[in-house]
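Since the structure comes first, as structure tokens, the remarks are kept for the end.
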Amino acid sequence: MTENPQAQAAGNAGNTDDESSEALIAVHWREEGYYPPPPKFTGQANASDPAIISQFGEENFPECFRAYADLLTWDKYWHTTLDTSNAPFWKWFVGGELNACYNCVDRHLGEHKNKAALIWVPEPEAESHQAITYQELYRRVNEFAALLRDFCGLKAGDRVTFHMPMVPELPIAMLAAARLGIIHSQVFGGFSGAACGHRIADSGSHVLVTMDSYYRSGDLMDHKVKADEAVETAAKEGQQVDKILVWRRYPGQYGSKTPMVEGRDFFVDEVLAEYRGATVAPVSMPAEAPLFLMYTSGTTGRPKGCQHSTGGYLSYVTGTSKYYQDIHPDDTYWCMADIGWITGHSYIVYGPLSLGTTSVIYEGTPNYPDAGRPWRIAQQLGVNIFHTSPTAIRMLRKVGPDEPAKYDHHFKHMTTVGEPIEPEVWRWYYETVGKGEAVIVDTWWQTETGGFLCTTLPGVHPMKPGSAGPPALGIYPVILDENGEEVPKGSGKAGNICIRNPWPGVFETIWGQPERFVQTYYAKYNKDADSKDWHDWPYFAGDGALHAADGYYRILGRVDDVINVAGHRLGTKELESAALTVEEVAEAAAVPVVDDIRGRAVEMYVSLKPGVTASKDIEAKVTTAIETDIGKIARPKNIWIVPDMPKTRSGKIMRRVIAATSNFSDTGDITTLANPEVVEKIRQQVQGAKAARGQVPRELTETEAEELKSFGSE
Ligand code: PRX
């Protein structure tokens, strides 16, 4: 950090009308001032000496990552830090062997066995929280591992699907699988049964672990019903599920209306009785053995099972948890994300437990029963590290702007993740939630990347609201234009952010789709498909970004057909194929609309088959189809039944034009469309109805308008 950012406000470069270079957009945003890290934080930080940055400099790559791997306990030390012989299928710490569960549980028993590993907070406030010590975690993980092995017959390399809510039984199940080298695939609990079923089939799991019920916004939700739908969907795709293991929210008491199927469905609390006190030796796994799959959305309907490794992944999340989350063993750390997303895997379970700290798990919604709940939990448990998303911050700010001041909580460190955060929202987080005492990290990364890619190093770099910050240790990003030319820093132009080098946390492949892995993430900028040199394989992240003169990155959003709703990725193709299951629907297009709380929301445009008349009933069917196929999270804000879709002469639906209509922004040049006249018809229909519904959005910021312009331009 050498330059004064105020002095180098990004330039107002000219925009271009050429569609092929839409990623290269000019952005002129006001530069924000710096906030220095609080001295109290710096004094205790795991990293406060800037020398660590040069230790991870390119001249020390890849050996610099030994520092992360050395935070783990290895059964066998590795001989090759990075093997690039099968580029871009990178292998880290080759020859090394370790067990992830041993690293997160057993190795802490000596010093910390009576310390809480997990503190679970049920949603109903009348139910007291449960602290699970490392010793207790060890016992419960061993018993469940024995059950997976002996009752289910699972072994290293097999896949098992979990569809679990936010309860301690989820990390227990994950660690039990890891203990045996079984590859777990946790599907977000809020996803529908069908979505879970597609993932069961894709991963080839024979066993599903689920729960009868859980609390969400005051209701006890029937969750087991989704398991029945899931196995039915999986069966249609040719995958037989032999066993469904059902944890009970209240052991001994079944909280679902769905009958248990004899010989297929089993209550875990009953079966576990046979494994009381069982111990299972942790299986030594090669560093590159898959630890888990995490499904995410992409530009085609089929979800991508991102395969994460044991040694590389665990090293990376342990190292980044230490330096960027600043976790010390005696901290009480609370990440409000769901364990069903990558954030929860990396920064609720694997990173924090590997460092032997106390990780808090909360069952419910942050504003239940009121917007003071998170701050009450933080005060009661003495949480000193807090981690959440811009969507949650916006929501808590809207419904309870003065709530944090009522509680005596004190954070040393706070994280924001998953979406860009607006500077004014950042400031509320800093001043009101953090009381001006906490350092903030805005961490940019992805399901695929395992851990953080850009963020300030909290004890070293000043914070800049709205910017993720410099690259994380050992990460060398570059912004490229559509031709592969570097967009220079401080140019005020955005482009495609890429990472030039491999890092230990990067996913190994897409489960069962290696060609898609290469195609989606590496082919765009690779010039020599046979090259074994990592320099030839920049990782294409799919995000637009700007590189300011001070070296900080500002992430603008997706450049592909992915809509980021409340920090969760939804592919337009999966939304559209769900809508197309409705018999009356001929064509469907999903677009993002700017939403003050959730960042983006989905709007669906559909046109109907000839002779079918538009009706509320068809709209309801489309909503149901999407909720059934994906989950309530994907529920569209509006469904517009339109006479026709704006199309190019080659017949491609112009989502960009539709998105502009939904957002009341400029549609740009439409004269080259096959049916330009339809644009005005749709505009009147949609904007008229939105005005009547009180949904006229605020004016878009320049970056939002630019993001929408590049939406849908494959
Ligand atoms: O567009 C970026 C956005 O979220 C995408 C990754 O989503 P997912 O794989 O679900 O992982 C979310 C948790 C890491 C990215 O491609 N994104 C993530 N973090 C940020 C962000 N956008 C702006 N700022 C961030 N800090």
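Both ligands and their constituent atoms are indexed starting at 1 by order of listing. Quantities reported herein were computed from a predicted structural model and do not represent experimental measurements.
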Checklist entry - Only one of Thr432, Val425, Val433, Ile597 clears side chain to side chain contact (heavy atoms under 4.5 Å, CB included) with Arg397; which? => result Val425
Next on the checklist: With side chain to side chain contact (heavy atoms under 4.5 Å, CB included) as the test, pick out the partner of Leu118 among Ile348, Ile361, Val360.
Outcome noted: Ile361
Taking only heavy atoms of [X] into account, list the atoms of ligand 1 that are under 4.0 Å away from them.
{"X": "Thr343", "value": "13 (C)"}
{"X": "Thr447", "value": "8 (P), 9 (O), 10 (O), 11 (O)"}
{"X": "Asp543", "value": "1 (O), 2 (C), 15 (C), 16 (O)"}
{"X": "Asn564", "value": "3 (C), 4 (O)"}
{"X": "Pro420", "value": "22 (N), 23 (C), 24 (N)"}
{"X": "Ile555", "value": "22 (N), 23 (C)"}

Item to check | Minimum side-chain heavy-atom gap Lys322-Thr318 below 4.5 Å | outcome: no
Item to check | Side chain proximity check, Tyr552 to His547, heavy atoms < 4.5 angstrom | outcome: no
Item to check | Aromatic ring proximity, centroids under 6.0 angstrom, Phe540 and Tyr521 | outcome: no
Under 3.5 Å between some N or O of ligand 1 and some N or O of [X]?
{"X": "Glu448", "answer": "no"}
{"X": "Asp442", "answer": "yes"}
{"X": "Gly418", "answer": "yes"}
{"X": "Gln446", "answer": "yes"}

Checklist entry - Do Arg199 and Phe188 meet the cation-pi criteria used here (NZ or CZ under 6.0 Å from the six-membered ring centre, within 45° of the axis)? => result no
Checklist outcome for this item: For atom 10 (O) of ligand 1, the closest protein heavy atom turns out to be Arg569 CD, 3.4 Å
Item to check | Sub-4.0 Å heavy-atom contact, Arg558 with ligand 1 | outcome: yes
Checklist entry - Charged N to carboxylate O below 4.0 Å: is that the case for Glu32 and Arg427? => result yes
Checklist entry - Trp444 pairs by side chain to side chain donor-acceptor pair (under 3.5 Å) with which of Asp543, Thr416, Thr455? => result Asp543
